[in-house]
Amino acid sequence: MNKFDWHSEPLKDNTIITASYKNTQNVRRFFQSHFGANFKMNREFMAWVKVNVGKTLGDAIKEFENKI
């Protein structure tokens, strides 16, 4: 099975965070679509995503909302 391509795959709230997760422009655009153009990743949030393989991008949205 090929690794999920975080650069080009369509991202949805139910997209599973994989071990091959990369903080790409595609990922930033996804989060900007939820939080606005001024959305910025921070180290704490990036670390949360990296250690939560198996959760979804929807879970990541909820985590970010809890931190702001």
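These values consider heavy atoms only, across backbone and side chains, with no hydrogens, waters or symmetry-generated copies.
Sorted by first and then second residue, the pairs that involve residues 27-41 and meet side chain to side chain donor-acceptor pair (under 3.5 Å), not counting sequence neighbours, are D13-H34, Q25-R28.
Counting heavy atoms from C-beta outward, I61 and E65 have side chains that approach closer than 4.5 Å. Annotation: side chain of V53 is not in contact with side chain of T18 (no heavy-atom distance under 4.5 Å). Side-chain atoms of N52 and D59, non-hydrogen and from C-beta on, never get closer than 4.5 Å to each other. Contact check for V49 versus I17: side-chain heavy atoms found under the 4.5 Å cut-off.
Between atom CE of residue M41 and atom CH2 of residue W48 there is a gap of 10.5 Å, rounded to the nearest 0.5 Å. To the nearest 0.5 Å, the span separating OG1 on T15 from CZ on F4 amounts to 5.0 Å.
Partners of N26 by side-chain hydrogen bond (donor to acceptor under 3.5 Å, both in side chains), not counting sequence neighbours: none found. F64 is linked by a ring-ring contact (aromatic ring centres under 6.0 Å, His included) to F35, F39, F45, counting only residues two or more places apart in sequence or in another chain. For K22, the side-chain contact (heavy atoms from CB on, under 4.5 Å) criterion is met by W6, T24, not counting sequence neighbours. By the salt bridge (Lys or Arg N to Asp or Glu O under 4.0 Å) test, E44 pairs with K67, sequence neighbours left out.
Shortest non-hydrogen contact noted between N14 and T56 is O-CG2, 4.0 Å.
Formation of a donor-acceptor pair under 3.5 Å by the N66 side chain with backbone atoms of K62 is found in this model.
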